[in-house]
Amino acid sequence: MEIASKYDPRAVEDKWYNFWLEKKLFHSEPDNRRPYTVVIPPPNVTGVLHMGHMLNNTIQDVLVRRARMMGKNACWVPGTDHASIATEAKVVNMLKEKGIDKRDIGRDEFLKYAWQWKEEHGGIILKQLRKLGASCDWDRTAFTMDDIRYESVIRVFVDLYQKGLIYRGVRMVNWDPKALTAVSDEEVIYKESHSKLFYLRYYIDNEQPRSGVGVKDKDYIVVATTRPETILGDTAVCVHPDDERFQWLKGKRVIVPSVGRSVPVIMDEYVDREFGTGALKITPAHDVNDYNLGMKYNLPSINIFNDNGTLNDNGGKYKDMDRFACRKAIMKDLEAEDLVEKVEDYVNKVGHSERTDAVIEPKLSAQWFLKMTDLAKKALEVVENNDIQFHPEKFKNIYRHWLENIKDWCISRQLWWGHRIPAYYLDVDGKRETIVAASREEAFEEACRRFPGVVTSKEQLEQDEDVLDTWFSSWLWPISLFDGIRNPDNEEIKYYYPTDDLITAPDIIFFWVARMIMAGEEYRHEVPFRHVYFTGIVRDKLGRKMSKSLGNSPDPIELMEKYGADGVRMGMLLTAPAGNDLPFDESICEQGRNFANKMWNALRLVKGWKVSKELNQSSENQVSVEWMEQRMACVLEQVEKDFDQYRLSEALMNCYKLAWDDFCSWYLEMVKPAFGSPIDGETYQATISIFERLTYMLHPFMPFVTEEIWHLLQDEAPCDGEDEESARKREMRNQLAASSSIMMQHMPVSVFFDQRLLDACTTARETIAGVRNIRNTKGLSPKEELELYIVGSEDKAGNGRFDGIIKKLANVKEIHYVDQKVEGAVSFMIGTTECFVPMSQHIDVEAEKKKLEEELKYAEGFLASVMKKLGNEKFVNGAPEKVVAVERQKKADAEQKIAALKAQLANL
RNA sequence: GAUCUGCUAGCUCAGUUGGUUUAGAGCGCUUGCUUGACAGGCAAGAGGUCACAAGUUCAAAUCUUGUGCAGAUCACCA
């Protein structure tokens, strides 16, 4: 069989992905196996794949593929999120380009456009995931706004309303003037910004007599603000009640500059005396704290803004101006009137909308809220008691802090794309009554019951215009995917829920993770998943977050074209420990690609061997096979531990080293027959079997190349003198293998291994390296046969079983066990064993001396540190006997080594 | 401002309950190799006073405290 010397991913990846799809290997149905369930963090339906998705989904696929090969019924459910704000913004933009205003066409027409947009642009990202090799059960693909999910959301809303957990109220909310909607606290990002602090004069209202206390030469006070435009809505000025400087203001009124309105001076301990001038202007309509003070002191609230951030009728001459333009204009006017004391540079944090980046405006409005206190309590409990484990654990702190300080969740959005709030309004005797029901029909029935004779038709009911926060659907995801809201007792939800692992980025720990836990408790009385694996953030070489706007993110599809999906997957995983940011550099994909190629070439080697059934297995091959089996068992144990602890990059690295170093560099070299000679059948079969198991171990990380290699390994070539019967059988086996998949094989499990054999091999490897080193430093050709003298007996050298291998790999003609030093030879030491390689050529005495002296120096230093411990009575008496014994052994070894080195030096 | 996390080789990270570690890996680097699987390779090397300081201990990369630096989360300072 001709196999190309370079592995070409493009030639095989699509082939195998389609093969897996055809065989329905990703599909899961409940059965009697143990389930292993993962739900995808649904990406935005109209989004495209970025590096964060690559990392996240690679990890999911590794876990899912591994679970599947471990005999579990693995189910990875894909889907997309309707992404209310983001998608609506895209559609609004698209319409704008066509000259259409959303409001002109109305809700129904707009939604038609939105659905059309979703059909056109939706799901690209899921197609891209196939390229990565994601083994999702595509038959289960869901969308947060498909029928099942939509209905589930509505039902949950109604249910929570009936439980009294959802309420509607007028509150100060975070208003996004660009998206024209309220957003939740979590959607506000506070960014440091360089602002100005304006000091403005508020004159005393002279209608009132001045008291005799305090500063008399001034008839104004100075108030500092970063937002001078809001003075248009000022309804008070506040100072600290204990502030000496302002006692004279008690009971007075001041004139709001520019506006000319007379407002009271109030006193409240809220004010920080140290900040600014110690006097605070109060604008109840446009600041949360001012709002609270306004409520406390019964102050009027004057709203000066329109929803889009421009000034309204209360803005007087600034009407229709944008808030930031107004800030400039009003300052100019105030300066003209000499009402500005000074302006300072000032750094503060300004809230921006997560989605639109617009500066958030606190706004008083009627919104729907979900009470969080009780939900939060349960959600905290299950993480605190480790029913749900976070990886890494540090995120527990962040989680706890958020839940302990939680506020009610504003769940209504002034948008159209989303789940429309199932609340209906009805005028009853001039009073607006609210009916919450899953449908207009149900609302009508309830209205008839509650207000007999008032309603005559469904159309009389007016449905709430708002939709729900996107996260109000995602928080049900692990349940709604299995239809567990509508049919809580169905087979699927009972089988697949709770899911096993959730893999997500830490930035949605509150948005999504915490809320899913709440929903799980509320609707299943059970956690939604057992483990949460937080990935890091993918950054560029300079440590910047990868983003579209910076243009520093490579296109994942192009990367996969270049390095193969396996190469990119490996690149991502090699440097991505849980929770640690991942400094991504294309070159790490190269390492992945090279590794795939390495395995490929190992296959070429093995498949190129001629097999002889007559040949008996040599003792060297026997020990090689035995060692490789043990080595694999040892690494398997480590890999299992790594997976248990979600240390994926460690697991991968361990597999990588097992494959590259142990298997390719050592094992294959050990058993490789001389050119032109055949290999014995027993060793060949063992090699194939080991190679197979290696591909199983690697498959979760690099699914394509391992599938390809595995198939080629299965493919048996005809052997010499094959009779008809065995040819037929071989042909059948080949056909059977061709229709099978590595995905259906069983992951090997760790078994007992003999550490002594592994140690013996390590000694042999060190000996080989020692001889090779001599070749290197002496400039000897690898082809020149050498003699090796080892001081001591075979047993001492770690048993002679590896002697044949040492001879083969170090090109040593003979190994002699002797009881004294060898003259005219170069030496090296393996532990306390002296080894000599006689030189026919002249030995550079000075160089040898230098080398030995350095070694001696190290050994003496080592001995000194050991002696320091052993010379300490407290150590000898206080430390455990075992530890002291170890030190004594170290001492003996070091002394022996020093003696040997000294003797060698003397010899020179 | 509060809380948390980290600081180990040029880079990215391991180092489990202090004791076979005067510290390991991968990549990178250096020096040899047209070695019948692979230059996307092979072989052999070099490279670290474990951020700093004090303390606890027979023993500290590991525990305690402080300092510095970096990052994260939260917070109503106008």
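Note that this is a predicted model, so its numbers are computed, not measured.
Using a 4.0 Å heavy-atom criterion, one finds that A:Tyr346 contacts the sugar-phosphate atoms exclusively. Using a 4.0 Å heavy-atom cutoff across all strands shown, A:Lys672 reaches at least one base atom of the nucleic acid.
B:rA70 and B:rC52: their C1' atoms are spaced 15 Å apart (whole Å). To the nearest whole angstrom, the two P atoms, one in B:rA23 and one in B:rU67, are 32 Å apart. Between B:rA61 and B:rU21, the two P atoms lie 13 Å apart (nearest whole Å). When the C1' atom is used for both B:rA14 and B:rC58, the distance is 28 Å, rounded to whole Å. Taking atom P on both nucleotides, B:rU30 is separated from B:rG10 by 15 Å, rounded to a whole Å. Comparing the C1' positions of B:rC69 and B:rG24 gives a spacing of 26 Å, expressed to the nearest Å. Only the C1' atoms considered, B:rG55 is 24 Å distant from B:rG15, to the nearest whole Å. B:rG68 and B:rC13: their C1' atoms are spaced 23 Å apart (whole Å).
With rounding to whole Å, A:Asn580 atom CG is found 14 Å from B:rU5 atom P. If you take NZ of A:Lys778 and P of B:rG45, they are 13 Å apart, rounded to a whole angstrom. Note: CE (A:Met572) to P (B:rU12) measures 16 Å, nearest angstrom. If you measure from atom NZ of A:Lys874 to atom P of B:rU57, you get 9 Å, rounded to the nearest angstrom. Residue A:Asn597 contributes atom CG, which lies 6 Å from atom C1' of B:rC38 at whole-angstrom precision. Taking atom CG on A:Asn594 and atom P on B:rG28, their separation rounds to 8 Å, with Å as the unit. Atom CD in A:Glu855 sits about 11 Å away from atom P in B:rA46, given to the nearest Å. Going from atom CH2 of A:Trp666 over to atom C1' of B:rC42 covers 12 Å, rounded to whole Å.
Checking B:rG45, B:rA37, B:rG41 against the side-chain heavy atoms of A:Leu668 singles out B:rA37 as nearest. Closest to the side chain of A:Asp661, out of B:rA37, B:rC42, B:rG26, is B:rG26. With distances taken from any side-chain atom of A:Ser665 to the nucleotides B:rU35, B:rC42, B:rC27, the minimum falls on B:rC42. Here the side chain of A:Ile398 is nearest to one of B:rA72, B:rC38, B:rU12, namely B:rA72. Nearest to the side chain of A:Ala769, among B:rU73, B:rC38, B:rA44, sits B:rA44. The side chain of A:Tyr858 sits closest to B:rA23 out of B:rA23, B:rA37, B:rG32. The side chain of A:Leu280 lies closest to B:rA78, out of B:rA78, B:rG40, B:rA37. Listed nucleotides: B:rC38, B:rG40, B:rA78. Nearest to the side chain of A:Arg604: B:rC38.
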Look for any protein N or O under 3.5 Å of an N or O in nucleotides 15-20 of chain B and output each such pair with its distance, or none.
{"from": "B:rG15", "atom 1": "OP1", "to": "A:Arg647", "atom 2": "NH1", "distance (Å)": "3.1"}

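A salt bridge does not link A:Asp661 to A:Lys657: none of the charged nitrogens lies less than 4.0 Å from a carboxylate oxygen. Ion pairing between A:Asp662 and A:Arg631 holds under the 4.0 Å rule for side-chain N and carboxylate O. Salt bridge absent: A:Glu393 and A:Arg400 never bring a charged side-chain N and a carboxylate O closer than 4.0 Å. Taking 4.0 Å as the cut-off between side-chain N and carboxylate O, A:Arg227 and A:Glu361 count as a salt-bridged pair. A salt bridge links A:Glu669 with A:Lys672: the distance from a Lys NZ or Arg NE/NH1/NH2 to an Asp or Glu carboxylate oxygen falls below 4.0 Å.
Stem analysis of RNA chain B (Watson-Crick or G-U pairs, both distances under 3.5 Å, runs of at least three) returns B:1-7 with B:68-74, B:10-13 with B:24-27, B:29-33 with B:41-45, B:51-55 with B:63-67.
Seen from the ring of A:Tyr199, A:Lys342 counts as a face-on cation partner, given the 6.0 Å and 45° thresholds.
For a distance-only test at 3.5 Å, the side chain of A:Glu669 qualifies as a donor-acceptor partner of the base of B:rA37. Residue A:Tyr270 places no side-chain atom within donor-acceptor reach of the base of B:rC77, judged by atom type and a 3.5 Å distance cut-off alone. In terms of polar N and O atoms assigned as donor or acceptor, the side chain of A:Lys394 never comes within less than 3.5 Å of the base of B:rC4 in a complementary pairing.
Checked against a 6.0 Å centroid threshold, the rings of A:Phe395 and A:Phe534 count as neighbours.
No side-chain donor-acceptor contact under 3.5 Å links A:Asn601 and A:Tyr7. With no hydrogens or angles considered, a side-chain donor-acceptor pair links A:Glu187 and A:Ser184 at under 3.5 Å.
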